Amino acid sequence: MLRDRLAVEIGPELLELALTHRSFAYEHGGVPHNERLEFLGDSILGQAVTVMLYRTHPDLDEGELAKRRASLVSSVALAEIARSIGLGEHLRLGRGEELTGGRDKSSILADTVEAIIGATYLSAGPDAATALVLRLIEPLLADPDRFGAAMDPKTSLQELSARLGRGLPQYEVTDSGPDHSKRFHATVSLQGEQIAAGDGTSKKQAEMAAALDAWTALSRSRA
């Protein structure tokens, strides 16, 4: 059960709201969706990670702290966290997103993690929300290889691919939607074989999501 995996008390109505994507809302008469909670959760996430890094790494300068924070709050890292707790199966999606693999889209998963953090803040308070953030990012911090991959997935994939004799990764990116709200979809191939894909609100974000998915797949295949 998702609530057990989160190990925090969130009111059922707030949890349902946090799991409701705008595509579901539009198809069901404009019911509320999770974007306001996402906005709140993004701020809480950033503060919790910033304070944690400041306290645990007194030897690091501002530039290195900023780099690590950026990696931990990135949509790539948040999507990995979402997959680790099986978040995708609980999403409330519209039919269009359902049919196009929305339950595993990095952008949707990352946004939902932020919404859940926001819902935790409103339901259980700031301390519980901070504790949830730290629990969620702990696996990344505990796994230096994965943390490095999340910080720079394209470089990590290129290095791993070279070690395995798979050549240089090749990316293809397409976009959709109006100019003010474009979505990008990236695929990554090795030696002509497509091995992963990713989505984002920018070309760079989509390529990073695809690269981390590919790095994860290659890492598992050689385990």
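The model shown is predicted, which means the values in this text are computed figures rather than measured ones.
- For the pair Arg95/Glu27, a side-chain contact is recorded, criterion being any heavy-atom separation below 4.5 Å from C-beta on.
- In terms of the salt bridge (charged side-chain N to carboxylate O under 4.0 Å, His left out) criterion, residue partners of Asp213 (sequence neighbours excluded) are, by chain and number, Arg83.
- No side-chain heavy atom of Leu72 sits under 4.5 Å from any side-chain heavy atom of Leu78.
- Across Pro169 and Leu190, no two heavy atoms sit closer than the pair CA-CD2, 3.5 Å.
- No side-chain heavy atom of Gln194 sits less than 4.5 Å from a side-chain heavy atom of Val188.
- Counting only heavy atoms from C-beta outward, the side chains of Ser219 and Leu160 approach each other to under 4.5 Å.
- What you find for His185 and Ala197 is that their closest heavy atoms are CE1-CB, 3.7 Å.
- Between the side chain of Ser71 and the backbone N or O of Arg68, at least one donor-acceptor pair lies under 3.5 Å.
- Under the 4.5 Å side-chain criterion, counting only non-hydrogen atoms from C-beta, Pro153 is not in contact with Trp215.
- A chain of hydrophobic side-chain contacts below 4.5 Å, direct or via other Ile, Leu, Val, Met, Phe, Trp or Tyr residues, connects Ile10 to Leu2.
- Proximity of Tyr171 to Lys154: side-chain heavy atoms (C-beta onward) are separated by under 4.5 Å at one or more points.
- Atoms OG1 and CD, on Thr187 and Glu207 in that order, are 9.5 Å from each other to the nearest 0.5 Å.
- Proximity of a side-chain donor or acceptor of Ser84 to a complementary backbone N or O of Ile81 within less than 3.5 Å is detected.
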Determine all donor-acceptor pairs shorter than 3.5 Å in which one atom belongs to a side chain in residues 107-124; sequence neighbours excluded.
from: Ser107; atom 1: OG; to: Arg183; atom 2: NH2; distance (Å): 2.5
from: Thr112; atom 1: OG1; to: Ile108; atom 2: O; distance (Å): 2.8
from: Thr120; atom 1: OG1; to: Ile116; atom 2: O; distance (Å): 2.9
from: Ser123; atom 1: OG; to: Gly11; atom 2: N; distance (Å): 2.9

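- Interatomic distance, Ile85 CD1 to Arg5 CZ, rounded to the nearest 0.5 Å: 8.0 Å.
- No donor-acceptor pair closer than 3.5 Å links the side chain of Ser161 to the backbone N or O of Leu168.
- Shown here is Glu172, whose CD atom has no more than 12 heavy atoms of other residues, nucleotides or ligands within 6.0 Å.
- Ser74 contributes a side-chain N or O that, together with a main-chain N or O of Ala77, makes up a donor-acceptor pair within less than 3.5 Å.
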Let me check something: any side-chain donor-acceptor pairs from residues 48-62 under 3.5 Å, sequence neighbours excluded? List them with distances.
from: Thr50; atom 1: OG1; to: Gly46; atom 2: O; distance (Å): 2.7
from: Thr50; atom 1: OG1; to: Arg69; atom 2: NH1; distance (Å): 3.1
from: Thr56; atom 1: OG1; to: Met52; atom 2: O; distance (Å): 2.7
from: Asp61; atom 1: OD1; to: Gly63; atom 2: N; distance (Å): 3.2
from: Asp61; atom 1: OD1; to: Glu64; atom 2: N; distance (Å): 2.9

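- Cluster annotation: Leu17 is not connected to Val31 through the hydrophobic network of ILVMFWY side chains, with a link wherever side-chain heavy atoms come within less than 4.5 Å.
- Remark: Glu9 CD is loosely packed, at most 12 non-hydrogen atoms of other residues, nucleotides or ligands lying under 6.0 Å away.
- Residues passing the salt bridge (charged side-chain N to carboxylate O under 4.0 Å, His left out) test with Glu38, sequence neighbours excluded: none.
- A 4.5 Å side-chain heavy-atom check between Glu193 and Arg166 finds at least one atom pair inside the cut-off.
- Contacts of Arg3 classified as salt bridge (charged side-chain N to carboxylate O under 4.0 Å, His left out), with partners at least two apart in sequence or in another chain: none.
- The CZ atom of Phe24 lies 12.5 Å from the NE2 atom of His33; values are rounded to the nearest 0.5 Å.
- Here the side chains of Val73 and Ile137 are not in contact, with every heavy-atom distance at 4.5 Å or above.
- Remark: the backbone N or O of Asp152 is paired with a side-chain donor or acceptor of Ser156 at under 3.5 angstrom.
- With respect to Glu97 and Arg103, no salt bridge is recorded, no charged nitrogen being found less than 4.0 Å from a carboxylate O.
- Heavy atoms from other residues, nucleotides or ligands lying under 6.0 Å from NZ of Lys182 number more than 12.
- Using modelled atom types and a 3.5 Å distance limit, the side chains of Thr20 and Arg92 yield a donor-acceptor pair.
- Ala206 and Gly200 get closest at one heavy-atom pair: CB-N, 3.8 Å.
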Identify every side-chain donor-acceptor pair in residues 125-136 under 3.5 Å, counting partners at least two apart or on other chains, and give the distances.
from: Thr130; atom 1: OG1; to: Pro126; atom 2: O; distance (Å): 3.1
from: Arg135; atom 1: NH2; to: Leu6; atom 2: O; distance (Å): 2.8
from: Arg135; atom 1: NH2; to: Ala7; atom 2: O; distance (Å): 3.2

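- The residues Lys105 and Asp199 are annotated as not salt-bridged, no charged nitrogen and carboxylate oxygen being separated by less than 4.0 angstrom.
- Under a hydrophobic-cluster definition in which Ile, Leu, Val, Met, Phe, Trp and Tyr are linked whenever side-chain heavy atoms come within less than 4.5 Å, directly or via other members, Val8 and Ile44 are assigned to the same cluster.
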